[in-house]
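See below for the structure under consideration.
Proteins get letters first, then strands, A, B, ... in listed order; numbering begins at 1 in each.
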Amino acid sequence: MPVYNSDIAEIFEKVADLLEIEGANQFRVRAYRDAARTIRSLSRSLTDLIEEEEDLTELSGIGEDLAGKIQEIVETGELDQLERLTRQTPADLAKMLEISGLGPKRVRSIHEDLGVSNLKQLRAAASEGRIQELDGLGPKTESKILEDLEKRDGEQQRTLLAVAEEFTGPLVEYLREEDAVERVEVAGSYRRRKETVGDLDILVISDQGEKVAEHFVNFEDVEEVVSQGETRASVVLRSGLQVDLRVVVEQSYGAALMYFTGSKAHNISLREMAVEKDLKINEYGVFPADGDQEQEDSIAGESEQEIYRLLDLPFIVPELREDRGELEAAREDQLPELITLDDLKGDLQTHTQASDGRNTLREMAEAARELGYEYLALTDHTGYLGVTQGLEGDEVLERMEEIQALDEELDDIVLVKSMEVDILEDGSLDLPDEILDQLDLVVGSIHSHFNLSREKQTERILRAMDHPQFNILGHPTGRRIHEREPYRIDLEKVIEGALDRGCFLEVNAHPSRLDLKDTHCQLAVEKGLKLAISTDAHSTDELRLMAYGVDQARRGWVTPDDVINTRPWKEFQALLNGS
DNA sequence: GCCGTTTTCGGCCCGACTGTTTTCAGTCG
């Protein structure tokens, strides 16, 4: 049973929770959390790194001790320290940390003074009024705990970026209606273009914070006001999405935008760099470390550029601000020139009415032409999938003739004869060779037998890529965010296999797929593999989803050169033919 | 527990809001 990075990160997070409740040194707790974060954002598996005898202490936030603990987890699947901790402190206490308003101190006191060890007992204690008897806690906190416990039944989760965007427009527009509002920016993971957002972080420039906060909490979609002050406020919308508002004056715009964009890890690293230069960064600006904090003493803060410059760094785009090596790269002037939407010359996975799409071939072609594409691959499904009414045998050949005919008619866009071919359980392709030979582009995808072992699934994909006509592996891990886990594969082997065979991996741009994900893109690029960014559009409207694929690729450090469909048609064609 | 162009010991990002207090601890982002 292989141990995954996420397993190790989870163990470290549990250790951190329990240590925190025990009242351990906060910096020691932070070390475990930092390590967990580093591990989660790693593109390579720790199991492999250990196998190759790499030095784990090279990783940021991993020292001798934690490297040893990682080794222990990889070898035994568990961590002795965690077992010991759970004997002292019930592991269920950690769940109480998730209740808003409860941190380690309060959880500890509730446990020690009331004997409460799990959420059920917490609910009982709260409804019996025993919580408010404790020192430093009162009736308000108690009723808030009860409220949160009730709400948890409908488990809140992160919101897809594309869904969050729907809520953002009207809210931003509403904020602008208030005269005191000079400028509105949506920051946070939204600005970093993360695939999901936990909440929305909105920055407003104004010198009348209180007025703006008041206007904000009166938005028609607000269900609950969590907090409200002179410079910040938090609300929960009817959709369940939390929105945090922060108001600062113009002179602090850059500092506040940086602070509110995050990531938290990136900001902490920046602040540490500032400390080394005897400076202090907060959301109002950059100040001398020991000086006053009056606004006029600010050395920088109006723009993000200015703050980076003060730290001898070039501007770092929000998508890279994850503390995943961007600061080191910036210091060495090695930041990648990231791909943009404009770089793409074509879409390489689309569907029409011929299988499960909504529009006709012609409608798709015209929509792609309007987007300014040079080429478009029409990749309807093959027959294996009953539900999608894929094409078989002669139908495929007829289809290719249709594509060719329309291609000849339209002289300003190339229509690529292609199919999304099912990869069958044994790794063979769902079309006979003589038909595959007729295609200009083959996208191979897995749509069945998701539960094979990691070895078998990897082998299946490698065998499919062995076929000389195979070009692009569609949605390589098969995940659907919040809906379906990725199938188990050894992605590193798949990437190396693709390199060996002259194949490419897809970055599927659909907002609920985004597959490859950001760290996978980064791994592929590091290994020198080229990617295809495709929408998997099932209608003309969905061709516009390309932007999400580009966002994801940018988060994965992808440059235009790393992507095959940034090439003009002739070059692209040559690339497919392996030259 | 990690880490080092002042350090191998002594630091470790920074501020707002709430609820409970009567000056602040705890929580949160």
Against the side chain of A:R246, the closest entry in B:dC12, B:dA16, B:dG1 is B:dA16

Okay, side chain of A:Y259, backbone of A:K264: is any donor-acceptor separation there less than 3.5 Å?
-> no

Does the side chain of A:T231 get closer than 4.0 angstrom to OP1 or OP2 of B:dC17 through an N or O atom?
-> yes

Aromatic ring pairing A:F219/A:Y174, orientation class (parallel under 30°, perpendicular over 60°, tilted between) = tilted

Between B:dG29, B:dC12, B:dC14, which nucleotide gets closest to the side-chain atoms of A:Y259?
-> B:dG29

Using purine N1 to pyrimidine N3 plus N6-O4 or O6-N4 for Watson-Crick, or N1-O2 and O6-N3 for G-U wobble, each under 3.5 Å, what pairs with B:dC3?
-> B:dG10

Select one nucleotide: of B:dG29, B:dG19, B:dC12, the one nearest the side-chain heavy atoms of A:T141.
-> B:dG19

Check: A:A187 main-chain N/O paired with A:D201 side-chain donor or acceptor under 3.5 Å = no

Assign A:N267 to base, sugar-phosphate, or nothing according to its heavy-atom contacts below 4.0 angstrom with the strands shown.
-> nothing

Among B:dC2, B:dT20, B:dG26, the one nearest A:A31 by side-chain distance | B:dC2

Winner on side-chain proximity to A:S100, out of B:dC28, B:dG1, B:dC17, is B:dC28

Of the nucleotides B:dT18, B:dC12, B:dG19, which one has an atom closest to the side chain of A:S227?
-> B:dT18

Does a salt bridge link A:K69 with A:D65, judged by any charged N lying under 4.0 Å from a carboxylate O?
-> yes

NA contact type, A:Q26, heavy-atom cut-off 4.0 Å: base, sugar-phosphate, or nothing?
-> nothing

With the side chain defined as heavy atoms from C-beta on, A:R106 is closest, among B:dA16, B:dG1, B:dG26, to B:dG26

Any A:R271 side-chain N or O less than 4.0 Å from OP1/OP2 of B:dC13 | no

With sugar-phosphate meaning primed atoms plus P, OP1 and OP2, does A:K69 contact a base, only sugar-phosphate, or nothing at under 4.0 Å between heavy atoms?
-> sugar-phosphate

Taking B:dG29, B:dC2, B:dC12 as options, the one with an atom nearest any side-chain atom of A:D65 is B:dC2

Once you round it to whole Å, what is the distance between C1' of B:dT27 and CG of A:L97?
-> 11 Å

Taking the side chain of A:K105 as heavy atoms from C-beta outward, which of B:dT27, B:dC14, B:dC13 is closest to it?
-> B:dT27

Short side-chain N/O contact to B:dG15 OP1/OP2 from A:K280, under 4.0 Å | yes

